[in-house]
Protein chains: 4
Amino acid sequence: MALTTEQRVRRAAVKLFAAKGFHGTGIRDLAQAAGISSASLYHYMGTKEDLLVGIMRECLDRLLLAARRTLDSLDDPADALSALVTLHVMAHAAQPDETRVVDHEVSALSRPARRRIVGLRDEYEDIWATTIDQGVAAGVFDAPEPAVTRLALLEMCTGVARWYSPRGPLPLDRLAARYAQLALRMLGSPSPPRGTAAERAREVAAQVWRIRP
Amino acid sequence: MALTTEQRVRRAAVKLFAAKGFHGTGIRDLAQAAGISSASLYHYMGTKEDLLVGIMRECLDRLLLAARRTLDSLDDPADALSALVTLHVMAHAAQPDETRVVDHEVSALSRPARRRIVGLRDEYEDIWATTIDQGVAAGVFDAPEPAVTRLALLEMCTGVARWYSPRGPLPLDRLAARYAQLALRMLGSPSPPRGTAAERAREVAAQVWRIRP
Amino acid sequence: MALTTEQRVRRAAVKLFAAKGFHGTGIRDLAQAAGISSASLYHYMGTKEDLLVGIMRECLDRLLLAARRTLDSLDDPADALSALVTLHVMAHAAQPDETRVVDHEVSALSRPARRRIVGLRDEYEDIWATTIDQGVAAGVFDAPEPAVTRLALLEMCTGVARWYSPRGPLPLDRLAARYAQLALRMLGSPSPPRGTAAERAREVAAQVWRIRP
Amino acid sequence: MALTTEQRVRRAAVKLFAAKGFHGTGIRDLAQAAGISSASLYHYMGTKEDLLVGIMRECLDRLLLAARRTLDSLDDPADALSALVTLHVMAHAAQPDETRVVDHEVSALSRPARRRIVGLRDEYEDIWATTIDQGVAAGVFDAPEPAVTRLALLEMCTGVARWYSPRGPLPLDRLAARYAQLALRMLGSPSPPRGTAAERAREVAAQVWRIRP
DNA sequence: GATGAATGAGATTTCATTCAT
DNA sequence: GATGAATGAAATCTCATTCAT
C-alpha cells in the first residue's frame with residue numbers, strides 16, 4: 001500500500017501549492033518534498049501548470065460527482081441544500097489543501113486552462129443556484145437576492161478550508177451539522193434539517209472522498 | 001489632485017498583487033504599471049516585501065480604526081454586529097484588491113512581517129469575537145459554537161471581495177443591508193437590524209475609506 | 001572608437017554561431033565571449049533568436065542594398081552579372097561568419113522569423129534571376145535552364161565563405177575577378193568582363209561593407 | 001524487405017540531422033522518429049555522436065569508392081572531371097540529407113572524430129585536385145588558380161543538395177549533364193563531354209547508391 | 001530486445017536588487 | 001529624482017545517458 005512516486009508528487013504539490021502558492025513554490029521545492037530530483041519530476045508531470053490543472057480538475061470533478069450523486073435521491077429543497085452544505089463543508093475540511101488550491105490559484109492558470117477549470121466551477125455553482133431557486137419557488141426559502149445568498153453561502157462554506165483543523169475540538173460531523181443549520185437560517189427556512197439529508201451526504205462523502213466522520 | 005508617484009506605485013502594486021499574486025508579480029510588472037523604471041521603483045519602496053507589508057498594514061489599520069470608531073457609539077450587540085458586518089462588507093466591496101491581498105498573501109510574508117500582520121488581523125477578529133460573545137451573554141444571539149459562527153460570518157463577508165462588482169445590479173448599501181440581515185439570521189437574532197447601526201457604519205465608512213454609498 | 005557592449009555581443013554571436021552553430025552555442029558561451037554575465041546579455045538582446053534574426057537581417061539588408069545600388073548604374077547584362085558576382089564574393093569573403101550564419105541557420109528560426117528572412121533572401125535571388133534572364137533574352141548568355149544556372153552560380157559564390165582566408169595567397173580583388181570570369185564562362189558569355197563592372201562593385205562594397213580591397 | 005530497427009534509426013537520424021542540425025535534434029526526437037523509446041536507441045547506436053560519425057563515414061566512403069571506381073577506367077581529364085561532377089551531383093541530389101549532414105555538421109564533431117572525417121573529405125577532394133591538375137598539365141583545362149577552381153566547382157556541385165527536388169521539372173540525369181557542361185565551361189575546356197564519362201558515372205552510381213536515373 | 005525510471009548537468013530566461021551617472 | 005547597466009541567484013525545463021527489470 002506504499003504510495004507510488006506519482007502520488008507522492010501530487011501530494012507534495014497539493015501541500016506546497018496550498019501553503020506557499022503556485023508561484024511561490026519552486027520546482028526544486030516540489031522535487032525535494034517528493035523525494036526525487038527535479039529532473040525526475042518531469043516523468044510524472046508535464047509542466048508545473050499541468051500538475052496544477054490536474055489537482056484542480058480532480059478536486060472539482062469529485063465535488064461535482066458528489067453533488068450530483070447526492071441530489072439524485074433528495075427531493076426536498078431544504079434537504080437538498082442541507083446535503084450540499086454538508087458535502088461542501090466536509091470536502092473542504094477534509095481536503096483543505098486541494099480546495100484552497102482550487103480557490104486561490106485560478107489566476108495562475110493560462111487562458112485555456114483557466115477556461116476549463118472555471119467551467120467546472122460554474123457547473124458546480126449552478127447546482128447550488130438551482131437548489132436555491134427551487135426552494136424559493138417552493139416557498140420554503142426566503143432569499144430576496146438569490147445570487148447574493150448563493151455567493152454568501154458558498155464563501156462561508158468554502159472558508160472552512162482556511163481554518164478548520166481536525167485536531168481542533170469540533171468533530172467533522174458536528175461542524176457540518178452546524179453549517180447546515182447556519183445555511184438554513186440564512187435562507188429563513190423554518191424546518192430543521194432532517195436526518196436523511198445529512199445521512200445521504202455522509203454516504204456520498206464516504207464514497208467520493210473516503211471520509212469517515 | 002494628480003497622484004504622486006508613490007501613490008501610483010502603491011496602486012499598481014495593489015492591483016497587480018490582487019490579480020496575479022505577490023509571487024506572480026514581477027518588479028518589472030510593477031514598474032511598467034506605475035510608469036517608471038524598475039530602478040526608480042526603489043526610491044518609493046524598500047523591498048518588494050516592504051511594499052506588500054505597507055499595503056496590508058494600511059488596509060488592516062483602517063479596518064481596525066473603523067471597527068473601533070463604530071463600536072464606540074453602539075451598545076446593543078445586534079446593532080454592533082450589524083455595524084461590523086456593514087463596515088466589513090463595504091470595505092471589501094469598495095476595496096476588493098486591497099482586501100484580497102490581505103487575505104491571500106499572508107503566506108508570502110517573511111516570519112517577522114507575518115507575525116505583525118497576523119497580529120493586526122487577530123486584533124480585528126477579536127472585536128468580532130467580543131461582540132458575538134456579548135450577544136450570546138445577553139441572550140440575543142444563539143451561537144452554540146461562537147468561534148465557528150464568527151469564522152463563518154467573517155468568511156462569508158470577506159468573500160464579497162471575490163465577487164462583488166460595482167457595475168452589478170446591487171448597490172453597495174443594499175448589499176451591506178442584505179449581509180447584515182443574513183448575519184443576524186445566522187445568529188438567531190429575532191430583532192431586525194435597527195437603522196442606527198447602518199447609519200453609524202456608513203458615517204464611519206465615509207470617514208475611513210471615503211466611501212459614499 | 002571602442003566597441004559598445006552591444007557591438008561586442010553582436011560580434012561574439014556572429015563568430016560563435018558561425019563556428020558552432022546556433023544550437024551549438026550556449027548563452028554562456030555568448031556571455032563569456034562578450035565579456036559580460038549571461039544575465040547582462042539580456043540587456044542587449046531580446047532572446048537568443050532575436051540576436052540571430054538581427055544578424056541575418058543586417059547581412060541580407062546589406063546584400064540587397066549593395067545589389068540594388070550596383071545595378072542602378074549598369075545596363076549590360078554581362079556587366080551586371082559580373083558586378084553581382086564580384087559583390088557577392090567580396091561580401092562572403094570579407095564577412096564569412098555573417099554569411100555562413102545566414103546560410104546555415106535558417107532552420108533554427110521559428111516559423112514567423114523564418115518567413116521574413118527567407119523573404120529577404122528570395123528578394124535578393126530574384127535580382128540574380130532577373131539579371132540572368134535579361135542576358136538570355138539579349139542573347140549574350142547561354143543558359144538552357146536559367147534557374148539551374150542561377151543556383152549553381154549562387155552556390156559557387158556563396159561557398160567562398162566556407163574556405164576563403166584573407167591570409168591565403170589570393171588577394172580579395174583577384175579572387176573576385178576570377179569568380180567573375182568563372183561565372184561568365186558558365187553563362188557562355190564571350191565578352192570578357194569589362195572594367196566598369198568590377199569598378200562599380202568595388203565602390204559599392206566600400207560603401208556598404210567598408211571593404212577596401 | 002522491411003527495414004531493420006537499426007536502419008530506421010539511421011534514417012531518422014539522417015533526416016533530422018539534416019533538417020534541424022545535430023545540436024537541434026534531441027535524443028527523444030530521434031527515438032520518436034524511429035518509433036522506439038529513447039532508452040532502446042542505445043541498443044542501436046553508441047552515443048549520439050557515434051551515430052553522426054557513422055552517417056558521415058558511410059556517406060564519404062561511398063563518395064570515395066565511387067570516385068575511385070570511376071576514374072579507374074577513364075583516362076582523359078575532361079572525361080574524368082565530367083564523371084566526377086556527374087557522380088557528385090547525382091549523389092547530392094539523391095541523398096541530400098546525408099550529404100548536407102556531412103557538409104554542415106563537421107563542427108559538431110569532437111576533435112578526434114573530426115580529424116578522421118576531415119581526412120576522408122580531404123582524400124576525396126584530392127581526387128578532384130589531381131584530376132584538375134592533370135587537365136591543366138595536359139593543356140585541356142584553363143585554370144589559372146587550380147585550387148580556387150576546384151573549390152568553386154565543389155561548392156557549386158555540393159550546393160545541389162540544398163535545392164534539388166526530385167519532384168521538380170528536371171530529371172536527375174539532365175541535371176547532372178547540365179552541371180558537367182557548366183564544369184567544363186568553367187575549366188575553359190573546348191571539348192563537349194563525351195558519352196563515355198556520363199555512362200560510366202551512371203553505372204557506378206547505380207552500384208554504389210542504387211540510383212536509377 | 002526493450003523500456004520506464006532516474007538523474008547530473010546544463011539549457012534559456014527572469015528574478016529582485018544595486019549602483020554609478 | 002531618475003535610470004541604464006549590471007549581476008548572482010534562481011526560475012522552469014531539457015539534455016544525453018545509464019540501469020534495473
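Lettering of chains follows the sequences in order, A, B, ..., and the numbering in each one begins at 1.
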- Message: Has Glu105(A) got a side-chain atom pairing as donor or acceptor with Leu52(A)'s backbone, closer than 3.5 angstrom?
- Response: no

- Message: In this structure, how many angstroms lie between the P atom of dT12(F) and the CG atom of Leu51(A), rounded?
- Response: 12 Å

- Task: Tell me which nucleotide among dT7(F), dA16(E), dC13(F) gets nearest to the side chain of Lys48(A).
- Result: dC13(F)

- Query: Quick one: are Arg10(A) and Leu3(A) in side-chain contact, heavy atoms under 4.5 Å?
  - Reply: no

- Query: How close or far is atom C1' of dT17(F) from atom CG of Leu30(D), stated in whole angstroms?
  - Reply: 13 Å

- Message: Below 4.0 angstrom, which residues in residues 7-23 of chain B have at least one non-hydrogen atom near DNA chain F?
- Response: none

- Message: If I take atom CG in residue Asp50(D) and atom P in nucleotide dT17(F), what distance separates them, rounded to the nearest angstrom?
- Response: 8 Å

- Partner of dG4(F) under the Watson-Crick or G-U wobble criteria, both distances under 3.5 Å, comes out as dC19(E)

- Message: Side-chain N or O of Ser40(D) versus OP1/OP2 of dG1(E): is the shortest distance under 4.0 Å?
- Response: no

- Query: Rounding to a whole Å, what distance do you find between Glu49(D):CD and dA16(F):P?
  - Reply: 13 Å

- Query: Rounding to a whole Å, what distance do you find between Leu41(C):CG and dT7(F):C1'?
  - Reply: 12 Å

- Take atom CD1 of Ile36(A) and atom P of dG8(E), then tell me their distance rounded to the nearest Å. 11 Å

- Message: Using a 3.5 Å distance criterion without hydrogens, assess whether the side chain of Asp122(D) forms a donor-acceptor pair with backbone atoms of Gly119(D).
- Response: no

- Message: Strictly distance-based, threshold 3.5 Å: is any side-chain N or O of Asp103(C) a donor or acceptor partner for the main-chain N or O of Arg100(C)?
- Response: no

- Message: Mind checking if Thr25(B) touches a base, just sugar-phosphate, or nothing, with heavy atoms under 4.0 Å?
- Response: sugar-phosphate

- Item | Glu58(A) backbone acceptor or donor facing Asp61(A) side chain under 3.5 Å | no

- Arg28(D) side chain N/O closer than 4.0 Å to the phosphate oxygens (OP1, OP2) of dT14(F)? no

- Provide the Watson-Crick or G-U wobble partner of dT14(E), both distances under 3.5 Å; none if there is no partner. dA9(F)

- Using the closest heavy atom to pick a nucleotide of DNA chain F for each, name whichever of Ser37(B) or Ser38(C) lands nearer the 5' end. Ser37(B)

- Query: Do side-chain atoms of Thr25(C) reach the backbone of Leu16(C) as a donor and acceptor pair under 3.5 angstrom?
  - Reply: yes

- Message: Given dG8(E), dA16(F), dT13(E), identify the nucleotide with an atom nearest to the side chain of Tyr42(D).
- Response: dA16(F)

- Item | Of the listed nucleotides dT3(E), dT3(F), dC13(F), the one nearest the side chain of His43(B) | dT3(F)

- Query: When the distance from CD1 of Ile27(B) to C1' of dT13(E) is rounded to whole Å, what number comes out?
  - Reply: 17 Å

- For Thr5(D), report the nucleic acid contact type (base, sugar-phosphate, nothing); a contact means any heavy atom under 4.0 Å. nothing

- DNA chain E: 5'-proximal contact among Gly24(B) and Gly35(A) (nearest heavy atom): Gly35(A)

- Whole-Å distance, Met45(C) CE to dA5(F) P, equals 15 Å

- Message: Does any part of the side chain of Ile27(C), heavy atoms only, come nearer than 4.5 Å to the side chain of Met45(C), both counted from C-beta?
- Response: yes

- Task: Return the orientation label for the His104(B) and His104(A) ring planes: parallel under 30°, perpendicular over 60°, tilted otherwise.
- Result: parallel

